[in-house]
Colleague: 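I'd like to ask some things about the structure below.
This structure is a prediction, so every number in the text was calculated from the model and none was measured.
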Protein chains: 2
Amino acid sequence: MKNGGIPNEMKLELQIKMNPSLYLRDPEQSELGKNIIKHSIQLIHDNGFEAFTFKKLAESIGTTEAGVYRYFENKHKLLIYIISWYWGWIQFQLNYQTNNIKDPIIKLKKVITLLSTNVEDDITTGHVDESQLHQILISEGSKAYLTNHVEKDNQQQFFKPYKDLCNAVGDIILECNPKYKYPHSLASTIIEMAHLQNFFMNHLPSLTDFSKSKSESEIIKYLEDLVFNAIRD
Amino acid sequence: MKNGGIPNEMKLELQIKMNPSLYLRDPEQSELGKNIIKHSIQLIHDNGFEAFTFKKLAESIGTTEAGVYRYFENKHKLLIYIISWYWGWIQFQLNYQTNNIKDPIIKLKKVITLLSTNVEDDITTGHVDESQLHQILISEGSKAYLTNHVEKDNQQQFFKPYKDLCNAVGDIILECNPKYKYPHSLASTIIEMAHLQNFFMNHLPSLTDFSKSKSESEIIKYLEDLVFNAIRD
DNA sequence: TTATTTATGATAGTAATACTATTATTTGAA
DNA sequence: TTCAAATAATAGTATTACTATCATAAATAA
């Protein structure tokens with residue numbers, strides 16, 4: 001046995017359900033597949049998506065290019081895969097953390113904090129480093145949809161996890177103020193700005209007002225101020 | 001003479017000052033150079049930046065790949081060039097349109113409208129189609145800085161026009177409310193969201209609340225609501 | 001147990017991309 | 001008219017993004 005004698009049904013591993021159209025062979029079902037995910041995250045995090053190639057990935061794993069191509073058609077689908085995984089994981093965290101909270105204001109604050117904070121690596125997901133994934137989302141997240149084939153990808157439901165999250169946040173916004181007119185736009189603004197203000201803070205600080213402390217808590221304060229002023233009656 | 005006998009000093013052409021580090025040879029100074037800009041905008045608009053190559057560009061102009069490389073080191077610098085040109089042009093429009101306006105609230109509204117509206121082609125800029133450029137900014141704008149060489153590019157002042165605009169908008173925000181704590185972050189939020197909500201509206205409409213009318217005026221209303229609630233005392 | 005599917009490894013090959021280099025020809029300014 | 005600069009034409013390289021083939025190892029079914 002490969003996992004040191006621990007029966008599969010005893011491992012407490014969090015599984016995120018993925019869209020099968022994203023892959024050719026399910027990477028969760030083999031060691032090679034899990035290595036592809038793990039090393040992709042590492043390489044994209046370290047060198048950016050443009051510099052990432054299946055050849056480098058194969059070398060880093062110790063397999064061949066053809067081996068990677070058996071799992072993913074191309075690097076763009078692999079990017080969408082790991083990004084979808086991230087949004088699924090965030091959705092899980094959101095449900096978990098807001099489970100017993102009644103006050104929608106507190107829920108919305110939780111959302112803002114969750115999206116803006118660089119999490120610790122979640123040990124219940126062996127082959128995924130959530131902290132690196134969060135960094136990838138900041139720098140590469142929008143590249144998933146900023147293509148000339150967005151609509152084709154959207155038809156195949158590639159952005160469902162993102163849209164589900166946006167809807168969930170929109171619902172919380174409506175709980176806070178049922179009359180607010182732009183719950184989805186405000187939700188997508190929160191999600192995108194949590195990442196973009198972080199990118200600006202670290203790389204183009206004059207586009208923000210966080211240059212002194214360079215801390216995530218400043219972004220959270222900005223977003224809370226923005227959001228709660230927008231939705232108050 | 002190529003321009004039909006009209007002396008150069010009589011042409012009323014708007015010139016945007018560009019950072020010379022962006023090019024090898026100034027494209028404004030020759031017909032070939034102007035063609036490179038014109039056809040680049042056309043091709044990136046039509047097929048997206050990923051599908052854009054110097055070979056296709058050369059073919060579309062009727063020159064060779066080597067000819068294009070004499071003007072621009074690579075396609076990324078060419079993208080930054082046309083994006084910088086756009087921000088320079090927007091800055092000019094902003095100064096022009098808010099020139100005699102005293103009320104900062106009206107100025108800020110002008111900014112939001114300017115950034116959110118797909119302009120008519122400006123005839124004072126012969127080889128540039130501003131309407132296509134606006135579409136390029138929506139789909140490709142963030143790719144200018146979402147790279148692993150942002151900081152190097154930033155050191156070379158490649159993002160100065162964008163930062164200048166952000167500062168100008170930040171100043172208007174402070175005129176509206178000198179106590180507002182996040183003028184730069186709010187400015188970059190306005191600029192980015194004017195484009196991103198437009199992209200979402202057209203390609204991933206469930207991320208917005210504009211799916212019915214799909215009109216820019218809805219985005220303007222959303223942004224005005226967001227901004228003026230954020231900055232009110 | 002053997003037979004057989006299935007995943008992987010190893011290797012090769014192609015078309016396109018992102019360049020660099022060389023030489024010849026044209027153009028336009030002094 | 002001369003001379004320098006810009007352009008055109010052509011060739012060539014390394015890398016990328018794939019596809020195809022065949023052998024072998026591991027899991028599984030008969």
Side-chain angles (χ1 to χ4, degrees), chain A residues 1-3 5 7-8 20 22-40 43-44 47-81 127 140 143 147-149, chain B residues 1-5 7-9 20 22-40 43-44 47-81 127 140 143 147-149:
Chain A
M1 272 193 209
K2 280 183 186 161
N3 55 9
N8 285 329
L22 286 170
Y23 51 77
L24 300 170
R25 205 195 293 304
D26 184 355
E28 298 279 347
Q29 301 304 317
S30 73
E31 281 307 306
L32 178 57
K34 285 178 193 167
N35 266 322
I36 288 173
I37 302 308
K38 182 179 176 176
H39 287 81
S40 294
L43 286 175
I44 295 173
N47 313 309
F49 184 62
E50 274 70 45
F52 172 76
T53 71
F54 276 8
K55 194 173 188 194
K56 288 178 197 165
L57 174 60
E59 275 162 20
S60 133
I61 297 170
T63 183
T64 57
E65 234 181 318
V68 179
Y69 276 106
R70 259 179 236 119
Y71 281 83
F72 290 97
E73 232 179 293
N74 53 54
K75 71 172 188 168
H76 190 253
K77 284 199 177 173
L78 175 45
L79 179 69
I80 297 186
Y81 181 94
H127 55 296
E140 324 289 347
K143 293 173 191 170
T147 67
N148 59 336
H149 47 88
Chain B
M1 271 193 214
K2 280 184 182 158
N3 56 8
N8 285 329
E9 64 275 16
L22 286 171
Y23 51 76
L24 299 170
R25 204 194 294 303
D26 184 355
E28 297 279 347
Q29 300 304 315
S30 74
E31 281 308 305
L32 178 57
K34 284 179 193 165
N35 267 321
I36 288 173
I37 302 306
K38 183 179 177 175
H39 287 82
S40 293
L43 287 175
I44 296 173
N47 313 309
F49 184 63
E50 274 71 44
F52 172 76
T53 70
F54 276 8
K55 195 173 187 192
K56 288 178 197 164
L57 173 60
E59 275 163 21
S60 134
I61 298 170
T63 184
T64 57
E65 233 182 321
V68 179
Y69 276 106
R70 252 177 253 120
Y71 281 83
F72 290 96
E73 233 180 293
N74 53 55
K75 70 172 187 168
H76 189 252
K77 284 200 177 173
L78 176 46
L79 179 69
I80 296 186
Y81 181 94
H127 55 296
E140 323 289 346
K143 293 173 191 170
T147 68
N148 59 335
H149 47 88

Colleague: Nearest 0.5 Å, please: how far is NZ in B:Lys143 from CG in B:Leu79?
Modeller: 8.5 Å

Colleague: Looking at B:Arg25, does any N or O in its side chain come under 4.0 Å of the phosphate oxygens OP1/OP2 on D:dT7?
Modeller: yes

Colleague: Measure from CZ on A:Arg70 to P on D:dA25 and round the result to the nearest Å.
Modeller: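 A:Arg70 atom CZ is separated from D:dA25 atom P by 15 Å.
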
Colleague: Using whole Å, what does the distance between atom P of nucleotide D:dA17 and atom CG of A:Asn74 come to?
Modeller: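 To the nearest whole Å, that distance equals 10 Å.
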
Colleague: Between the side chains of A:Tyr81 and A:Ser40, is a donor N or O closer than 3.5 angstrom to an acceptor N or O?
Modeller: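 Not at all, the side chains of A:Tyr81 and A:Ser40 share no donor-acceptor pair under 3.5 Å.
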
Colleague: Determine: side-chain N/O of A:Tyr71 to OP1/OP2 of C:dA7, distance under 4.0 Å, yes or no.
Modeller: no

Colleague: Could you state the atom-to-atom distance from OH of B:Tyr23 to C1' of D:dA6 in whole Å?
Modeller: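 Between C1' of D:dA6 and OH of B:Tyr23: 17 Å.
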
Colleague: Using atom types as modelled and distance alone, determine if a side-chain donor or acceptor of A:Lys75 lies under 3.5 Å from a backbone N or O of A:Phe49.
Modeller: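 Indeed, once roles are kept as given, a pair shorter than 3.5 Å links the two residues.
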
Colleague: Starting at OH of A:Tyr69 and ending at C1' of D:dT21, how long is that distance when rounded to a whole Å?
Modeller: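 Going from A:Tyr69 (OH) to D:dT21 (C1'), I get 17 Å.
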
Colleague: In Å, rounded to the nearest 0.5 Å, how long is the span from NE2 of A:His127 to CD of A:Glu31?
Modeller: 9.5 Å

Colleague: To the nearest angstrom, how far is B:Asp26 atom CG from D:dA6 atom P?
Modeller: 11 Å

Colleague: Does A:Leu24 offer a backbone N or O that forms a donor-acceptor pair with the side chain of A:Lys77 under 3.5 Å?
Modeller: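 Checked: no pair found.
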
Colleague: Does any N or O in the side chain of B:Asn35 come within less than 3.5 Å of the main-chain N or O of B:Lys38, such that one atom is a donor and the other an acceptor?
Modeller: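 No, because the side chain of B:Asn35 does not come within donor-acceptor range (under 3.5 Å) of the backbone of B:Lys38.
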
Colleague: Rounded to the Å, how far apart are B:Glu65 CD and C:dA21 P?
Modeller: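 Interatomic distance, CD of B:Glu65 to P of C:dA21: 15 Å.
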
Colleague: Round to the nearest Å and state the distance from B:His76 atom NE2 to C:dA18 atom P.
Modeller: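 Those two atoms, NE2 and P, are 13 Å apart.
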
Colleague: Can you list, by residue number, the residues of residues 52-64 of chain A that have a non-hydrogen atom closer than 4.0 angstrom to DNA chain C?
Modeller: A:Thr63, A:Thr64

Colleague: Which whole-number value in Å describes the distance from A:Phe49 CZ to D:dT16 P?
Modeller: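 Distance check: A:Phe49 CZ to D:dT16 P gives 13 Å.
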
